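Quick note on labels: first sequence line is chain A, next is B, and so on, each numbered from 1. On a predicted model such as this, the values are computed, not experimentally measured, just so you know.
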Amino acid sequence: MQEAMINKAKQLLADGTVNRVIGWKKGEFVYDITPAIFETAEELDADFVYNEFTAANVSKYLVKESKKEGKILAFLKPCDTYSLNQLTKEHRVNRDNIYVVGIPGGPKLDAEKIKAKGITGITGIKNENYTLKIETVYGEQTMPFYEAISDKCASCKSKKHVTYDELIGEDGDVLESNRFDMVEKLENMTAQERYDFWRAELSKCIRCNACRNVCPACTCEKCVFDNPESGVENKAASNSFEENMFHIIRAFHVAGRCTDCGECSRVCPQNIPLHLLNRKFIKDINSLYGEYQAGEDTTTKAPLNAYTTDDCEASIVHERGVE
Amino acid sequence: MLRIAIDKIDSLFDAIAEKQTLYIPVDREDGAAEYKKYESGMKMSNSLNTLRSAKDFFFPQTENLVEFKMEGKQIEVKDIREESEDFVIFGVRACDARSFSILDKVYLVDPVDSFYKNRRDHGVVVSMACTRPAETCFCSAFGIDPTAPEGDVSCWNDGSYIYFEANTEKGKAFVDSISSLLEDGDASSLENVKAETKRILSLLPLSNLSTDSFGGDKLNEYFNSEKWAELSESCIGCGTCTFVCPTCQCYDIKDFNTGNGIKRFRCWDSCMYSDFTKMAHGNPRISQLERFRQRFMHKLVYFPANNNGEFGCVGCGRCLSKCPISMNIVKVMKALEVK
Amino acid sequence: MNANDTLIPHIGVVTDIRIDTPDVKTFRVNAINADGTVGGKVFEHMPGQCAMLSIPGVGEAMFSITSSPTNKEFMEFSIKKCGCLTNWLHAMDVGQQITIRGPYGNAFPVETELKGKDLLFIAGGIGLAPLRSVINYVRDNRANYGDVQIVYGSRSMDDLVDYKEIIDEWMTDDGIEVNLTIDREQEGWDGHVGFVPNYVKELNPSLNKTVLICGPPIMIKFTLNGLKELGFTETQVYTTMELRMKCGVGKCGRCNIGNKYVCKDGPVFRFDELGELPDEY
Amino acid sequence: MQVNDNKEFQPLIVAFCCNWCSYAGADLSGTNRLNYPTNVKIIRVPCSCRVNPMFILRAFQRGADGVILCGCHPGDCHYTSGNYFTRRRMTLLFSMLDFLGIERDRTRVEWVSAAEGAKFAATMNEFTEAVKKLGPNRRLEDLRCKKQ
């Protein structure tokens, strides 16, 4: 795959279709891969990488990159194409300046999950028939491939590319995913249990803003949390109210626009399952206002920008589910 | 050397916790370790390091500085500082133990930060030698020996016993206070443990990382490097690296109106944030390039320039595993390095 | 916990507010004494040093102390309205209490390098504020210094800070030459018209003078170039800087230029010192 | 907000009222001499749609035990469609608060027209009672804002 991508990139650079390529650059270890921009064939040969750890969604970089001179080639996984479509819909990117090559997606692996097994000193990871052979300075270790799959891929919603100029490999289908299972499980808990669950999770928050900054839907020129006049500035005391406040508002601001790419949970240094907040909104929107997948197209109105005269009343919240 | 059998460690923790607050690293459900206030029955984590650094104990994420009551044109200042209670942090790794001396160089130099000093005076740091360093470790590059950690008391674990050695007056007093639970024993087995750890250290992928080409005298050379643009291009400007870092010490001071007074508090701040240097008339660091550069220049050049060549990094590796886009100080050093 | 902490401020009382220009006011600040009376200064300082002023709940910011240390009665701050806190300060009345802490930073070397020298002050707009402290210090210790020349420019006649003091006191002093300029022609103004950097070149000051300069960054840049063309060296020229500050004591980590903290190692820099630092201000 | 000396808990209720309907409804209930609890503090807004979710959270932070939002009946919005957006927005917000384990009876949306003074008083009475039963807001409070 990596080979095919590098060749495609070289070809498009050579024939002048694009003048830059956004992809992933290899790091010090097998898993610490950085999104990067490549301008020459030499750079591509030296550093371009695509493997089980290239989980980062590069579509947000296109907000800035697509405003520059010339076309940029972006390799997008299916989930990333939803993000790009959503950005196109919101006029945040100049789609004409982007040449999208769709590539098959995951499942991607999460190095944290491997480390959580106590495996350390990792010098190499190989996938052999869905068993990970992990070379470490303490000797070789193995673990099942599926146990290391990142959360965002474990509940993959779609293998279909919703926008592309070209595909490498075959396009997939929208999947029957289990992504709302955990949301449902929480909904079926008592209010006290839910409160305890979220307090335990959100109290871990260190307010690093990684979830906001990585989010392809968070593209405001000036975020409300960066505005000292708003009274909700990001540098707040770490107390329970501010933690709740930040995460409710963050999720609310992307409600109806979140494509469920899972980046927020992936980057959280404290492993807070932030995607559950987003999925709760998605699930509510689906059940109350009809199925809606943000980023599926570039024309429909977002659910919070629309209404019907016979929408349910807010009291529905009081009438359903567990107290 | 004084030691205690590992299976009796709980009784030691209980004894310490009876007299003062004790913090030990414990495993969380998600596999990460964090410091928790010890309560009977807690098990100490075996993992190499805690997710958050130990700087929280002396430099917490937020703390109240002072309170004001406003009435008409009058302001009343209320000094709300209180004497900190005595506490013990157990199981600090060599990197974090060194980070305290780096923080000291900021907060204990004139004018002394009394909030920090208060906690520093009342905290006993019990460090624990490493036996299973990870691939992200590079403390050796900064002259830290993970088999001989600093701290008020150093500990070693040979698999069956934990050995204690006091390094400071405060440490001696601490060891004396628990001596009834300790026994004197042969420590020769530690030599093998240390030798094995050192062998592992030499195998680590970052074992050859060198700081030779960095230091206070390289200011303009690196500041004007062309590499910054490429290095910073994918930085998303979050504060993860700064907040997990044991030596990042910048803070912001803010006021909170509670409705019945003003609380002035300080909280961690990050040079990666766009408003870090923003003033009424503009911002001297206009793009992520300048902010990104500031962080690494501070650790590798500015800090050594002001502190006799000591670097502002301890090689704990937290930023290596936590950065959302996996950009980190090692990559920066390798890219900038003048071969 | 008896130790004093620099982050815990004192209370000052604003006892006089003078309107200097449409957007600059000068505030006189006195201390509250142990017996409850208002008078005297909150603390002593040297010319060029700064203080952190704050209105709790609004903000805290660094301001240079405009009054001279030789003034034993009160401190003064000339403040231009430009942000959240300064807007608040401009709206307040006499009698308002504010919090104040300091003094912070180094000072102009009035007792060492500047002693016995001929001095040239160059200021633009609100840049006169930190220099006024030095000018009045020099006037009060006249015997210690040589000739004094002041070049001061502003956008218009109305924007000249401390105009009354300049006319009534500085201009009437012996051995002080004051050159005023405004950017554009204006009715009622028969003085020089033009930008400060050009005016300095026209005046062609003698090269044995030590220069103290403060103003907008762009003015400083062009004036420095002009001075160099005239033959001045960087070691002869001092300036005072400002960046965003929170702590005032070199710990919060944001006001650095290279390895120097403006709040602690500055705000006064000689240009050869600044030249060694990266260009990030 | 300790109204009287007996120990019964007196909740603090914040009511965001649309200028064009419920605010006038509150007025009407006053001129009609209808009682509603003094616990209710009314904040007038130009349209129920003006209420940012943050306003509701801030109210809880500053000591509210219940927050109610009153607007024009669907279809009657002075600005044509404001309250339709409010309806979706608040449904999702309340659902999220519920998801986080914050008592769902602390929040409510009610449509009250300018002519419905009686409905306004009844709603406030009923809502205050409901919140009173829940006791003080603990799950979304900010300890710093507690009166000492």
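Taking every heavy atom of both residues into account, Ala210(A) and Cys238(B) meet most closely at CA-CB, 3.5 Å. Between Leu206(B) and Glu28(A) the shortest heavy-atom distance is CD2-OE1, 3.8 Å. When all heavy atoms are compared, the tightest approach of Asn213(A) to Ile236(B) is ND2-O, 3.0 Å. The heavy-atom pair separating Ile37(A) from Glu233(B) by the smallest distance is N-OE2, 3.1 Å.
Rounded to the nearest 0.5 Å, atoms NZ (Lys322(B)) and CD1 (Ile206(A)) are 9.0 Å apart. Here CZ of Phe265(B) is found 9.0 Å from CG of Asn239(A). Values are rounded to the nearest 0.5 Å. Remark: Arg207(A) CZ to Phe243(B) CZ distance equals 9.5 Å, nearest 0.5 Å. The CD atom of Glu112(A) sits 7.5 Å away from the CG atom of Leu51(B) when rounded to the nearest 0.5 Å. Between the OG1 atom in Thr136(B) and the NZ atom in Lys115(A) there is a gap of 5.0 Å [rounded to 0.5 Å]. With rounding to the nearest 0.5 angstrom, the CZ atom of Phe29(A) is 9.0 Å from the OG atom of Ser321(B).
Neither the backbone nor the side chain of Ser270(B) comes within less than 4.5 Å of any heavy atom in chain A. For chain A, the nearby parts of Pro133(B) are the backbone and the side chain; heavy atoms of each come within less than 4.5 Å. For Ile122(A), the parts lying under 4.5 angstrom from a heavy atom of chain B are both the backbone and the side chain. Only the side chain of Asn328(B) comes within less than 4.5 Å of a heavy atom of chain A; its backbone N, CA, C and O stay farther away. Heavy atoms closer than 4.5 Å to chain A are found in both the backbone and the side chain of Ile325(B). Of the two parts of Glu230(B), only the side chain, counted from C-beta on, holds a non-hydrogen atom closer than 4.5 Å to a non-hydrogen atom of chain A. Within the 4.5 angstrom heavy-atom criterion, only side-chain atoms of Arg28(B), from C-beta onward, approach chain A. Only the side chain of Arg52(B) comes within contact range of chain A, with heavy atoms under 4.5 Å apart. Heavy atoms of Lys60(A) lying under 4.5 Å from chain B are absent altogether. Looking at Leu48(B), there are no atoms closer than 4.5 Å to chain A (heavy atoms on both sides), in backbone or side chain.
The greatest number of non-hydrogen atom pairs below 4.5 Å with chain A, out of Asn46(B), Leu203(B), Leu204(B), Thr240(B), is found for Thr240(B). Contact tally against chain B (heavy-atom pairs below 4.5 Å) for Ala116(A), Cys211(A), Gly121(A): the top residue is Gly121(A). Taking Asp252(B), Asn64(B), Asp27(B) one by one and counting their heavy-atom pairs under 4.5 Å with chain A, the maximum is reached by Asp252(B). For chain A, the option among Val244(B), Thr242(B), Asp269(B) with the highest count of heavy-atom pairs below 4.5 Å is Asp269(B). Counting heavy-atom pairs closer than 4.5 Å to chain A, the top residue among Gly31(B), Cys267(B), Cys241(B) is Cys267(B). Among Gly237(B), Ala32(B), Pro60(B), the residue making the largest number of heavy-atom pairs under 4.5 Å with chain A is Gly237(B).
A salt bridge links Asp30(B) with Lys204(A): at least one charged nitrogen is closer than 4.0 Å to a carboxylate oxygen.
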Pair Thr34(A)-Lys331(B), side chain to side chain donor-acceptor pair (under 3.5 Å): steps then yes or no: CA-CA 10 Å; Thr34(A) 307; Lys331(B) 288 184 184 174; 2.9 Å; yes
Leu320(B) vs Asp32(A), side chain to side chain contact (heavy atoms under 4.5 Å, CB included): CA-CA, chis, key distance, verdict: CA-CA 8 Å; Leu320(B) 274 67; Asp32(A) 64 334; 5.8 Å; no
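Around CG of Asp196(A), the count of heavy atoms belonging to other residues, nucleotides or ligands within 6.0 Å exceeds 12. Atom NZ of Lys67(A) is surrounded by more than 12 heavy atoms from other residues, nucleotides or ligands within 6.0 Å. Residue Lys194(B) qualifies as enclosed at atom NZ: its count of foreign heavy atoms under 6.0 Å is above 12. Heavy atoms of other residues, nucleotides or ligands lying less than 6.0 angstrom from CD of Glu39(B) number 12 at most. Counting heavy-atom neighbours within 6.0 Å of Lys68(A) NZ, excluding the residue itself, gives a total above 12.
Side-chain N/O atoms of Tyr273(B) and Asp226(A) include no donor and acceptor closer than 3.5 Å.
Tyr138(A) carries Arg132(B) over the face of its six-membered ring, with the cationic atom under 6.0 Å from the centre and within 45° of the normal.
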